[in-house]
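Notes follow once the structure below has been shown.
Each ligand, and each atom within it, is numbered from 1 in the order the structure gives. Heads up: numbering here begins at 1 and tracks the sequence.
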Amino acid sequence: MAKKSGKVFDDSVLVPTHVGVIMDGNGRWAKKRGLPRKFGHREGAKTFRAIARHAKALGISYITFYAFSTENWKRPKDEVDAIMDLFEKYLDEVRDFMDENIRVRFIGDRTMLKPVLQQKMKKVEEDSKDFDSMTLVLAINYGGRDEIAHAVKSIVTDAENGKLSCDDVTESLIQSRLYTEEIPDVDLIIRPSGEQRLSNFLIWQAAYAEYYFTNILWPDFSKKDLEKAVLTFSERNRRFGGI
Ligand code: IPE
Ligand code: IPE
Ligand code: MG
C-alpha cells in the first residue's frame with residue numbers, strides 16, 4: 001500500500017462507489033465492559049467519525065451509515081432518548097465534515113424526530129449540498145419497507161391528481177421516489193457484530209450488493225477493517241445476472 005504517494009490502494013483495487021454500513025454491536029460492546037448500553041452508542045459515534053473520514057481517504061464516493069431503524073423505537077425509552085441526544089450533539093459535529101468538502105444527506109422518516117433535530121438536519125444538507133469530495137448519508141429512523149411505502153404513496157398521489165398513469169410506473173420512477181433518489185445503488189454492505197442480516201436496511205438498493213460480515217463490534221471497527229472489506233469486495237466477481 002503506497003501511503004507515501006497519498007493513496008492507500010494502488011490502481012488494481014476496485015473501490016466500491018457506494019458502501020453501506022450497519023453500525024451494530026454497540027450494546028454488546030458496553031455489556032462486555034459492564035457499562036450501560038449508552039456508553040456503547042457514544043463509543044460507536046466516535047468510530048463513525050473515524051470511518052467516515054477514512055472512507056473519503058480510500059476514494060469511496062458515497063457511504064451510508066445505518067444509525068437508527070424504524071424498529072429501534074421498540075427499545076427502552078431511556079436508550080432511545082440517549083441515542084437521540086447523541087444525534088443532536090453529533091449533528092453539530094457533522095458540520096466539521098463540511099470543512100472537508102463532504103456533502104451530508106439524511107434518509108429516513110424525519111417527521112417523528114424532534115423539530116430541533118429536523119431543523120439541524122435540513123441546515124446541514126443545505127449548507128453542504130454543493131460539496132463533492134464524498135457524499136455521507138446518515139440513515140436515521142430509516143426502514144427500507146417504510147421507504148418503499150413512502151414512494152408508493154407519492155406515486156399514487158400523482159396518479160390521483162392525473163399526473164401519472166399506470167404505464168409510467170417503472171423501476172426508475174420508483175427509484176426516483178425513494179429517500180435515496182439521486183444516490184446510486186449500494187455496492188458493498190458491511191455489517192459488524194456477527195449478525196448476518198439486513199434488518200430492513202436499503203432493501204431496494206441492495207438488490208445486487210456484496211456483503212462483508214465480521215464479528216468485530218462496531219465500536220472496535222478500525223480503519224484497517226474498512227480497508228479489509230474494500231479489498232475483499234475488490235476480489236468479488238459481480239455478474240448482475242450475466243455470465
Ligand atoms: C447498534 O448497536 C446501534 C443501534 C441499533 C442504534 P446495538 O445497540 O444494536 O448493539 P447490540 O446489537 O445490542 O450489541
Ligand atoms: C440494525 O441493528 C439497525 C442499526 C444498526 C441502526 P439492530 O441491532 O436494530 O438489528 P437487529 O434487531 O439485530 O436485527
Ligand atoms: Mg444490534
Query raised in the report: Does an N or O from Y66, backbone or side chain, lie closer than 3.5 Å to an N or O of ligand 2?
Result: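 Not met; the criterion fails.
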
Query raised in the report: Taking non-hydrogen atoms only, is M23 closer than 4.0 angstrom to ligand 1 via side chain, backbone, both or neither?
Result: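 It is the backbone that gets close, since no side chain atom is under 4.0 Å.
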
Query - Contact partition for L217 relative to ligand 1, non-hydrogen atoms under 4.0 Å - result: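 No part of L217 comes within reach of ligand 1.
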
**Report entry** For I83, atoms of ligand 1 separated by under 4.0 Å from a heavy atom
**Finding:**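 Listed by number with element: 6 (C).
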
Query raised in the report: Would F68 and W73 count as a close aromatic pair, with their ring centres under 6.0 Å?
Result: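 Yes - the distance between ring centres of F68 and W73 falls below the 6.0 Å cut-off.
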
Give me the nearest non-hydrogen protein atom to [atom] as residue plus atom name, then the distance to 0.1 Å.
atom	answer
atom 6 (C) of ligand 1	A67 O, 3.3 Å
atom 10 (O) of ligand 1	G27 N, 2.9 Å
atom 9 (O) of ligand 2	N72 ND2, 2.9 Å
atom 5 (C) of ligand 1	R75 NH2, 3.3 Å
atom 14 (O) of ligand 2	S199 OG, 2.6 Å

Report task. Verify whether one side chain among R28 and S193 offers a donor that lies under 3.5 Å from an acceptor in the other. Result ->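 R28 vs S193: donor-acceptor pair found between side chains.
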
**Report entry** the Mg ion (ligand 3) - closest N/O/S atom in D24
**Finding:**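 Answer by atom name: OD1.
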
Look at the side chain of [X] and the backbone N and O of [Y], then say whether any donor-acceptor pair between them is shorter than 3.5 Å.
X	Y	answer
N72	S69	yes
D81	D78	no
Q205	T180	no
R103	E125	no

Should [X] be listed as contacting ligand 1, given a heavy-atom distance under 4.0 Å as the test?
X	result
G25	yes
K31	no
S69	no

Query raised in the report: What's the verdict on side chain to side chain contact (heavy atoms under 4.5 Å, CB included) for E79 and K38, showing C-alpha distance, side-chain angles and the deciding distance?
Result: CA-CA 6 Å; E79 179 170 347; K38 68 175 179 198; over 6 Å; no

Query raised in the report: Based purely on interatomic distance, does F68 place a nitrogen or oxygen under 3.5 Å from a nitrogen or oxygen of ligand 1?
Result: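 No, no N or O pair falls under 3.5 Å.
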
Report task. Start with the C-alpha gap between S199 and E71, add the side-chain angles, then the distance that decides, and say whether side chain to side chain contact (heavy atoms under 4.5 Å, CB included) holds. Result -> CA-CA 9 Å; S199 302; E71 286 72 38; over 6 Å; no

**Report entry** Of the listed options E195, R37, R28, closest to atom 13 (O) of ligand 1 (non-hydrogen atoms)
**Finding:**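 Nearest heavy atom to atom 13 (O) of ligand 1 lies in R37.
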
Less than 3.5 Å apart, which donor and acceptor atoms pair up between the side chains of residues 12-19 and the rest of the protein, not counting sequence neighbours?
{"unit_1": "S12", "atom_1": "OG", "unit_2": "D10", "atom_2": "OD1", "d": "2.5"}
{"unit_1": "H18", "atom_1": "ND1", "unit_2": "P184", "atom_2": "O", "d": "2.8"}
{"unit_1": "H18", "atom_1": "NE2", "unit_2": "T64", "atom_2": "OG1", "d": "2.7"}

Query raised in the report: Any idea which part of R197 is under 4.0 Å from ligand 2, heavy-atom wise: side chain, backbone, both or neither?
Result: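 For R197, only side-chain atoms sit under 4.0 Å from ligand 2.
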
Query raised in the report: Would R191 count as a contact of ligand 2 if the rule is a heavy atom under 4.0 Å away?
Result: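 Contact present.
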
Requested in this report: Taking side-chain contact (heavy atoms from CB on, under 4.5 Å) as the test, write out the residues that go with N101, two or more places apart.
Outcome: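 For N101 the side-chain contact (heavy atoms from CB on, under 4.5 Å) partners, ignoring immediate neighbours, are F131, D132, S133.
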
Requested in this report: Would you please classify the geometry between the Y208 ring and the F240 ring as parallel, tilted or perpendicular, with 30° and 60° separating the classes?
Outcome: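 Ring orientation of F240 relative to Y208: tilted.
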
